[in-house]
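Position 1 is the first residue of the sequence; numbering continues from there.
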Amino acid sequence: MDVAGAELQIPTPLYPSASDRSTLDDELTARLDAAALRVAAGSVVPDLDPAMFSEALAKYDFETPQPLADVLLWVIHQLEHGVVHLTHPSYFGLFNPAPTFPAECAERIVARFNPQLASSRTSPVAVAMEAHVIAALARRAGMPAASAGHFTSGGSEANFTALTCALTRAEPGYATGGARAFEATPVFYVSQDAHSAWYKIAHQAGIGRAAVRPVATDASGRMDAQALAAAIADDEAGGCRPVMVVATAGTTGAGMIDPIAECASVAARVAAWLHVDAAWGGALLVSERLRGLLAGIETADSVTIDAHKWLATTMACGMFITRDATILGDAFNVASSASSFMPSNIGSLDPYVTTAQWSRRFLGLRLFLSLAAAGWSGYADHVERSIELAALLRDEMRRLGWNVANDTSLAVLCLDPPEGFPDATSIASQVVASGRAWVASTRFRGRDVLRICVTNGQTMPHDILALAELLQALGPVSPPSTRPA
């Protein structure tokens with residue numbers, strides 16, 4: 001190709017003309033809207049033929065270009081029939097609700113501008129907007145004005161950041177010497193019902209999975225503060241160094257909130273970092289009526305909140321917030337001479353020297369637009385409505401003779417089937433196989449229970465009652481009458 005003689009604006013499949021781009025964009029929007037309507041009225045689970053899909057996929061050998069409009073239509077069709085639909089109003093599974101429309105708009109804006117958020121020099125507006133949202137959430141949590149933080153790829157990265165900060169504060173030499181800098185073995189404490197990603201995080205941090213100390217829960221399923229204190233005392237006596245206590249605000253299985261204030265007191269006695277993993281439950285901060293359920297979060301050294309969970313942005317969008325802004329620079333700083341093309345990082349709060357990532361997408365616009373459009377009150381309505389729908393289901397299932405195994409104010413139910421019903425795992429499998437809803441089973445307080453989470457902003461009361469009817473229909477069939485004719 002003669003580049004020198006080419007026009008500046010030559011349409012190509014990768015960079016179509018403005019008019020073609022607009023046409024394709026409008027058609028894509030229409031196709032997605034139509035697919036969304038079909039998804040809401042159809043199966044929650046995949047219903048495609050795997051063999052036919054594999055055959056069709058193999059035809060894309062990338063040797064012969066295909067019209068983009070045709071490929072877009074094919075991809076939409078495959079996704080419509082080939083994924084579990086988290087956006088379906090009868091998806092009652094993990095903490096992944098249908099995304100807000102402002103968050104979807106953010107995705108399109110960011111894709112077009114494609115800013116690089118490693119440095120405020122290249123993306124000053126985007127970096128400032130993310131910091132603005134982080135500061136707003138920190139204020140809602142009651143943390144100091146000097147608190148800082150950043151958006152992450154999700155809760156696991158945010159929690160990894162917390163452990164890195166805790167290790168760095170406990171032993172400044174950790175930044176250069178790693179775990180070898182500790183004279184005593186570093187350990188940290190989580191509820192036995194905390195997210196299992198903590199074991200991977202300990203491995204990544206270089207202190208090993210054995211550094212995770214699971215703490216027993218009390219009769220309600222919350223971390224037992226007395227058991228925590230005893231575990232720390234045992235570890236200190238055994239020559240270990242407690243570096244962090246993690247209080248979970250909204251456990252994955254049952255939605256339990258650990259006693260944050262009590263955990264803070266225990267952590268303070270041994271100068272351990274207090275982290276609150278509020279990946280799901282942190283959304284309670286938007287509600288004036290409910291934020292008190294997170295009492296003690298204002299004392300935390302750091303907090304994790306996933307915007308892609310109950311705050312309903314698109315995947316994946318986590319947040320890390322800390323009261324100690326300087327620790328981020330200590331933990332993630334790099335030598336200014338390492339990359340001559342980067343600005344000096346001395347005294348900088350640029351993301352590339354205060355986070356685990358380097359090149360990074362503009363994640364925060366998803367939450368910025370959603371908050372700007374709905375405000376705290378609109379988001380509070382969203383969260384409170386989920387809890388009301390969960391209460392509707394709870395009351396209906398109790399009326400039908402089911403037992404609610406967990407006592408939580410959040411929008412997740414753990415149910416014990418009545419006598420004569422299949423076990424919880426079998427019921428979950430039958431519900432999913434029906435395609436009419438998606439639920440799960442989990443272990444809570446030593447037994448299998450049915451787990452149902454309500455976080456989709458488009459779920460309606462009739463969806464809740466339909467689920468209750470479906471669950472009840474899986475019970476024992478009454479034997480035929482043996483009365484004489």
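- Ring geometry for F95 versus W280: interplanar angle under 30°, hence parallel rather than tilted (30 to 60°).
- S147 places a side-chain N or O within 3.5 Å of a backbone atom of P144 that can act as its donor or acceptor partner.
- Looking at heavy atoms from C-beta onward, R360 lies out of side-chain contact with Y352 at the 4.5 angstrom threshold.
- In this structure, the side chains of K200 and H195 stay at 4.5 Å or more apart for every pair of heavy atoms.
- Ring pair H81/H77 is tilted by interplanar angle, where 30° to 60° counts as tilted.
- A donor-acceptor pair is defined here as one N or O able to donate and one able to accept, closer than 3.5 Å; no such pair exists between the side chain of S22 and the backbone of A18.
- For the atom pair R169 CZ and D324 CG, the distance stands at 7.5 Å (nearest 0.5 Å).
- Annotation: F101, atom CZ; neighbour count of heavy atoms from other residues, nucleotides and ligands within 6.0 Å does not exceed 12.
- The CD atom of E130 sits 8.5 Å away from atom CG of L365, with the distance rounded to the nearest 0.5 Å.
- Without hydrogens or angle criteria, D463 side chain to M460 main chain gives a donor-acceptor distance under 3.5 Å.
- For the 3.5 Å distance criterion, the side chains of S359 and Q116 qualify, holding a donor opposite an acceptor.
- No hydrogens or angles considered: nothing links the side chains of S191 and T217 as a donor-acceptor pair under 3.5 Å.
- Partners of R108 according to the salt bridge (charged side-chain N to carboxylate O under 4.0 Å, His left out) rule, which considers only residues two or more places apart in sequence or in another chain, are D25.
- In this structure, the side chains of C165 and F160 stay at 4.5 Å or more apart for every pair of heavy atoms.
- For an aromatic pair to be called close, the ring centres must be under 6.0 Å apart, and W273 with F188 fails this.
- Between the side chain of Y199 and the backbone N or O of V212, no donor-acceptor pair lies under 3.5 Å.
- Contact of the W438 side chain with the V431 side chain is not registered, since no non-hydrogen atoms from C-beta on lie closer than 4.5 Å.
- Evaluation of the ring-ring contact (aromatic ring centres under 6.0 Å, His included) test over residues 109-157, restricted to residues two or more places apart or in two chains, returns H150-F320.
- Checking side-chain atoms of H88 against main-chain N and O of G42 turns up a donor-acceptor pair under 3.5 Å.
- Remark: side-chain polar atoms of D224 are not paired, donor with acceptor, to backbone N or O of A216 under 3.5 angstrom.
- Partners of E288 by salt bridge (charged side-chain N to carboxylate O under 4.0 Å, His left out), not counting sequence neighbours, listed by chain and number: R140, R291.
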Exercise answer: donor-acceptor pairs, residues 240-253 side-chain atoms, under 3.5 Å, sequence neighbours excluded:
residue : atom : partner : partner atom : Å
R241    : NH2  : A170    : O            : 3.0
T251    : OG1  : G255    : N            : 3.2
T251    : OG1  : M256    : N            : 2.9

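- A donor and an acceptor atom, one from each side chain of N159 and T304, are located under 3.5 Å apart.
- Judged by distance alone, the side chain of R323 and the main-chain N or O of E298 form a donor-acceptor pair under 3.5 Å.
- Residues L94 and K309 have side chains not in contact (no heavy-atom distance under 4.5 Å, counting atoms from C-beta outward).
- Residues R222 and S220 bring a donor and an acceptor atom of their side chains to less than 3.5 Å of each other.
- For E157, the salt bridge (charged side-chain N to carboxylate O under 4.0 Å, His left out) test picks out no residue, with sequence neighbours left out.
- Counting heavy atoms of neighbouring residues, nucleotides and ligands inside a 6.0 Å radius, atom CZ of R209 exceeds 12 of them.
- Here the side chains of S90 and T459 are not in contact, with every heavy-atom distance at 4.5 Å or above.
- Rounded to the nearest 0.5 Å, atoms CD1 (I321) and CD1 (I297) are 8.0 Å apart.
- Atom CG of L392 and atom CG of L467 lie 10.5 Å apart (nearest 0.5 Å).
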Would V454 and V412 count as a side chain to side chain contact (heavy atoms under 4.5 Å, CB included) here? Give the steps.
CA-CA 6 Å; V454 187; V412 62; over 6 Å; no
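- Between atom OH of residue Y91 and atom SG of residue C453 there is a gap of 8.5 Å, rounded to the nearest 0.5 Å.
- Within the 4.5 Å cutoff, the side chain of D306 has no heavy atoms near those of the C317 side chain.
- S153 OG to H308 NE2: the interatomic distance, rounded to the nearest 0.5 Å, is 9.0 Å.
- Looking at residues two or more places apart in sequence or on another chain, you find a salt bridge (charged side-chain N to carboxylate O under 4.0 Å, His left out) between R31 and E27.
- A 4.5 Å side-chain heavy-atom check between V190 and R213 finds every atom pair outside the cut-off.
- The shortest heavy-atom contact between A98 and Q458 is CB-OE1, 3.8 Å.
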